[in-house]
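Everything below concerns the one structure shown next.
Values reported hereafter were calculated over all heavy atoms of this structure, with side chains retained and with hydrogens, waters and symmetry mates removed. The chains referred to below are lettered A, B, ... by the order of the sequence lines, with proteins before strands, and numbering in each begins at 1.
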Protein chains: 2
Amino acid sequence: MKKKLKFTKNIFNENQESEKKKKILASAIKIIGDKGYQNATIAEIAKDAGIGDATIYEYFKNKEDLLLSIPVEVTKELIPQINDHMMGIKGALNKLRKFIWWWLNYVEKNPGYGSIVLLELKTSKTYVSNEAYQAARNFYKIVLDIIKEGQEEGSVKKEINIFLARSICVGAIEHIIIRWLLKDRRYSLTQYADELADLLIDSFKKEESTTSKEP
Amino acid sequence: MKKKLKFTKNIFNENQESEKKKKILASAIKIIGDKGYQNATIAEIAKDAGIGDATIYEYFKNKEDLLLSIPVEVTKELIPQINDHMMGIKGALNKLRKFIWWWLNYVEKNPGYGSIVLLELKTSKTYVSNEAYQAARNFYKIVLDIIKEGQEEGSVKKEINIFLARSICVGAIEHIIIRWLLKDRRYSLTQYADELADLLIDSFKKEESTTSKEP
DNA sequence: TTTATTTTCCGAATAGAATTCGGAAATTCC
DNA sequence: GGAATTTCCGAATTCTATTCGGAAAATAAA
């Protein structure tokens, strides 16, 4: 493999992260996801990644930057993945159901990441002004777009405020995940998907039956 | 005022917290609510309370214990307060509307406390095994009781899972508050109360019209 | 191949903040 | 008033993020 050329490192790495950086991020997800941001130490993350403490600072500004980089990088993979799963599904409400199922399932399989995104991130002072916040917005924009689509195709009530509807969906999903993360995680998270989807869909959907003049 | 007797301090203080402890808690709410748990220092809290750093450790086991004590103490005041506001309101769905309004309004007026409860608390490693978690449960039990009451009086659909309904309510409320806390807080939070209540109520309520045989 | 330059890495020092310790000051008891 | 007890806190300790300076490795130049 060709090695990096002089002065080209930064440009070269814009898309292709160095292996070392990826390794640090993986260790950070593992350690922070397990112990929480406060109890995770740079020393332990460095050790897990097989490097010296100081080396982390070659790749990340500081501990907070390391934390915030996690959702930025992971979301880059996640959004294409969920879009892929969405393909071929007809009807906004069916897509909403799929989204709920997919996200619960993902967190159940990656509780460390879920814990970082849903518990640790928001306490970061610089979160909203960071790229990580945009990543979260992009992710939840999927829900907003589904609701919009539903209004356009006529399956979702026109009179509801789509932003409020998104808040209800995302809020409910996150709340259920957070309970699961905080508790022992013994039960399956995915089992809630259908019932939650039923209730949400029921509150958004336009009644099909007696809508037109006379049946 | 009679001073404390030998050996009776702990028993005596079970209900009546010492003034100093209250002062520390007030300063902690102020500082942590403003800067966040990580950026708030014991030194600054102590200074604000007009005492030495080490004195805080006479009243709280450590910084985390201080954080967790905040919701425990505040909830003791809050639950009676909200119950008071609930009095005289007829109908579970009207109570739900009131609860939503009251809680949004409280956070708008006490954003520091809101920030502690909704952003900082859950990252604490010992949260679920702490009294603070019970305090949060007690607080949100109000919502669960309202939904139950609604099913009993016939205003809420019998077929919905009340725990899920509670998750949706609480999740949606918290999500809206968190957005407000993270963003600039320039707009009014209370303004969302009615629209949110409308949407939630609409999804829980039993259709009144054609339920009985023939009107 | 040798030498110069640039990049990567990290051991050791620094600094900031939580927590502990020992004893002084204040209060209560007799 | 003096002994016992409690309250308070200055100073020392410890733990950890972060910085610094330079060694090691990689790359370019000769």
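Within the 4.0 Å cut-off from OP1 or OP2 of dT19(C), not a single side-chain nitrogen or oxygen of Lys61(B) is found. The side chain of Tyr59(A) contributes an N or O atom lying less than 4.0 Å from OP1 or OP2 of dC9(C).
A salt bridge links Glu73(A) to Lys76(A): at least one charged side-chain nitrogen sits closer than 4.0 Å to a carboxylate oxygen. Using a 4.0 Å cut-off between a side-chain N of Lys or Arg and a carboxylate O of Asp or Glu, Glu44(A) and Lys35(A) qualify as a salt bridge. Ion pairing of Asp34(B) with Lys30(B) is absent here, as no side-chain N (NZ or NE/NH1/NH2) approaches a carboxylate O to less than 4.0 Å. The pair Asp194(B)-Arg97(B) counts as a salt bridge, with a side-chain nitrogen and a carboxylate oxygen less than 4.0 angstrom apart.
The distance between atom CG of Asn39(A) and atom C1' of dA17(C), rounded to the nearest whole Å, is 15 Å. What separates CD1 of Ile56(B) from P of dA17(C) is a distance of 14 Å, to the nearest Å. A straight line from CZ of Phe60(B) to C1' of dT19(C) spans 16 Å, rounded to a whole angstrom. Rounded to whole Å, the distance from CD on Glu64(B) to C1' on dC15(D) is 16 Å. Atoms NZ (Lys20(B)) and C1' (dT6(D)) sit 12 Å apart, rounded to a whole Å. One atom, CD1 of Ile42(A), and another, C1' of dG16(C), lie 15 Å apart when rounded to the nearest Å. Rounded to an integer number of Å, the gap from Tyr37(A) OH to dA17(D) C1' is 9 Å. The NZ atom of Lys47(B) sits 15 Å away from the P atom of dA18(C) (whole-angstrom rounding).
Residue contacts shown for Thr41(A) are limited to sugar-phosphate atoms, with no base heavy atom under 4.0 Å away. Contacts of Ala40(A) with the nucleic acid, taken as non-hydrogen atoms under 4.0 Å apart, involve only primed sugar atoms and P, OP1 or OP2. Heavy atoms of Asp53(B) sit nowhere under 4.0 angstrom from any nucleic acid atom.
Residues Tyr192(B) and Trp180(B) keep their aromatic ring centres 6.0 Å or farther apart.
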| field | Candidate pair Ile176(B) and Leu164(A), rule side chain to side chain contact (heavy atoms under 4.5 Å, CB included), full reasoning | value | CA-CA 9 Å; Ile176(B) 285 169; Leu164(A) 197 60; 3.7 Å; yes
| said: For Ser124(B) and Glu64(B): C-alpha separation, side-chain torsions, deciding distance, then whether side chain to side chain donor-acceptor pair (under 3.5 Å) applies. | reply: CA-CA 7 Å; Ser124(B) 166; Glu64(B) 190 177 34; 2.5 Å; yes
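Nearest to the side-chain atoms of Ile51(B) among the listed nucleotides dC8(D), dT18(D), dC9(D) stands dC9(D). Comparing atom distances between the Ala54(A) side chain and each of dA18(C), dC9(D), dT19(D) picks out dT19(D) as nearest. The listed nucleotides are dT19(C), dT18(D), dC9(D); the one nearest the side chain of Lys63(B) is dT19(C).
In the helix from dT1(C)-dA30(D) to dC30(C)-dG1(D), the end axes, each obtained as the rotation axis mapping the C1' atoms of four pairs onto the next four within a five-pair block, lie 0° apart to the nearest 10 degrees.
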